[in-house]
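For reference, the structure is listed below as structure tokens.
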Amino acid sequence: FTHPIYKYYKNEYNVGFAGNVLNCFEKACNQFIWILPDNDFIDFDLFEKLFLKLRTEYKELDCIFLTVKRKDLWGNEELVTMTEIKSLNDLYSSYIVPFVLLSNSIVLRKSIPTEEIRSRLKNNAFIQTALLSMNLIDAKKFKVFDDPIIAYNIEYNGRFSPVDCNKSMHEVLFFLSKYFAINVKHYDYKEF
């Protein structure tokens with residue numbers, strides 16, 4: 001499928017979530033990459049504002065962290081945002097679990113070798129965190145987009161078990177600890 005603005009790719013067979021994210025990452029060809037989960041809702045008025053900033057003020061940035069409006073299981077609303085950071089090590093050394101925050105970020109696209117990520121994390125539910133982190137390994141310019149462009153509801157639908165999520169997160173953190181100052185034990189949860 002070709003279009004003057006959009007490119008659409010269809011895998012020949014089901015490659016799973018991680019395979020799909022890897023394929024999208026490898027086929028991306030514009031300046032920025034935004035890997036957006038299917039359960040997030042975009043405020044398109046704010047998206048227009050962000051798009052204009054990407055073309056003007058933000059075009060020299062390595063990463064834009066997006067503010068997220070989320071609703072918990074009890075209907076309570078909160079904003080999830082980040083303070084300004086100077087490096088990805090700042091993110092990983094904080095008490096913020098970076099998985100959602102990196103999934104909801106727009107990253108300057110660089111060419112990175114994906115073979116090791118593909119072989120080590122081929123079935124990992126958080127592979128996008130590894131890809132985006134490796135893409136930002138030498139990044140210096142970060143910005144937070146303060147308007148809540150993304151909204152999502154926390155829901156438990158049984159798609160991922162807590163044990164599998166915890167295992168996937170630790171696999172990604174262990175992989176990234178070779179490149180970033182990550183204390184994997186810092187992110188440990190109680191034993192299941």
Distance-minimising heavy-atom pair for Arg109 and Asn30: NE-O, 2.7 Å
Under the 3.5 angstrom rule, does the side chain of Asp147 hit a backbone N or O of Leu46 as a donor-acceptor pair? no
According to ring-ring contact (aromatic ring centres under 6.0 Å, His included), who are the partners of Phe32, at least two apart in sequence or on a separate chain? none
Which pairs pass salt bridge (Lys or Arg N to Asp or Glu O under 4.0 Å) with one or both residues in residues 19-28, sequence neighbours excluded? Glu26-Arg118
For the residue pair Ser105 and Trp34, what are the closest heavy atoms and their distance? O-CD1, 3.4 Å
Scanning both residues in full, the closest heavy-atom pair of Ala130 with Leu121 reads CB-CD1, 3.6 Å
Mark yes or no for whether Asn11, through its side chain, and Asn14, through its backbone, hold a donor-acceptor pair below 3.5 Å. no
Distance (rounded to the nearest 0.5 Å) between Gln31 CD and Leu54 CG: 8.0 Å
Calculate, to the nearest 0.5 Å, the distance between atoms CG and CE belonging to Asp164 and Met169 respectively. 11.5 Å
Contact between Glu116 and Lys178 at the side-chain level, heavy atoms closer than 4.5 Å - yes or no? yes
Just how far is it from atom CG of Asn135 to atom CD1 of Ile112, taken to the nearest 0.5 Å? 5.0 Å
With a 4.5 Å heavy-atom cut-off, do Leu131 and Val107 have their side chains touching? no
How many angstroms lie between atom CG of Leu108 and atom CZ of Phe142, to the nearest 0.5 angstrom? 11.0 Å
Looking at every non-hydrogen atom in both residues, tell me the closest pair between Val21 and Gln128 and how far apart they are. CG1-CB, 4.0 Å
Apply side chain to side chain contact (heavy atoms under 4.5 Å, CB included) to residues Phe175 and Met134 and explain how you reach the verdict. CA-CA 10 Å; Phe175 171 79; Met134 295 304 293; 4.1 Å; yes
Do the charged groups of Glu77 and Arg70 touch, with an N to O distance under 4.0 Å? no
Check for me, please, whether Leu79 and Val144 land in the same ILVMFWY cluster - side-chain distances under 4.5 Å, paths through other members count. no
Consider only side-chain heavy atoms of I, L, V, M, F, W and Y, link residues closer than 4.5 Å, and tell whether Phe174 and Ile117 are in one cluster. no
Minimal heavy-atom distance between Ser133 and Phe180, with the atoms involved, is O-CZ, 3.2 Å
Taking atom CZ of Phe51 as the centre, report whether more than 12 heavy atoms of other residues, nucleotides or ligands fall under 6.0 Å from it. no
Going hydrophobic residue to hydrophobic residue with side-chain gaps under 4.5 angstrom, can you get from Tyr58 over to Leu36? yes
State which residues pass salt bridge (Lys or Arg N to Asp or Glu O under 4.0 Å) with Lys122; sequence neighbours excluded, sorted by chain then number. none
Answer yes when Glu115 and Arg120 have at least one side-chain N-carboxylate O distance shorter than 4.0 Å, and no when they do not. no
Glu60: salt bridge (Lys or Arg N to Asp or Glu O under 4.0 Å) partners, not counting sequence neighbours: none
Does Phe126 offer a backbone N or O that forms a donor-acceptor pair with the side chain of Asn124 under 3.5 Å? yes
Would you check if Ile106 and Phe65 make a side-chain contact, meaning some heavy-atom pair closer than 4.5 Å? no
Which ILVMFWY residues are connected to Leu52, directly or by a chain of links, through side-chain heavy atoms under 4.5 Å apart? none
Tell me, do Phe25 and Leu132 make a side-chain contact under 4.5 Å, heavy atoms counted? yes
Same cluster or not: are Ile137 and Ile127 linked, directly or through other Ile, Leu, Val, Met, Phe, Trp or Tyr residues, by side-chain heavy atoms under 4.5 angstrom apart? yes
Nearest-0.5 Å distance, CG of residue Asp146 to OG1 of residue Thr67: 5.0 Å
Any Lys69 side-chain heavy atom under 4.5 Å of Phe41 side chain: no
Are the side chain of Asn20 and the backbone of Val15 linked by a donor-acceptor contact shorter than 3.5 Å? no
If you take all heavy atoms of Leu61 and Ile64, which pair is closest and at what distance? CD1-CG1, 3.8 Å
For residues 123-141, pull every pair meeting salt bridge (Lys or Arg N to Asp or Glu O under 4.0 Å), keeping only residues two or more places apart or in separate chains. none
Should Lys53 and Glu48 be marked as a salt bridge (charged side-chain N to carboxylate O under 4.0 Å, His left out) after you check the CA-CA gap, both sets of side-chain angles, and the distance that decides it? CA-CA 9 Å; Lys53 286 184 177 274; Glu48 275 189 52; over 6 Å; no
Measuring from Ile150:CD1 to Leu50:CG, what's the distance to the nearest 0.5 Å? 9.0 Å
Do the ring planes of Phe44 and Phe47 sit parallel (below 30°), tilted (30 to 60°) or perpendicular (above 60°)? perpendicular
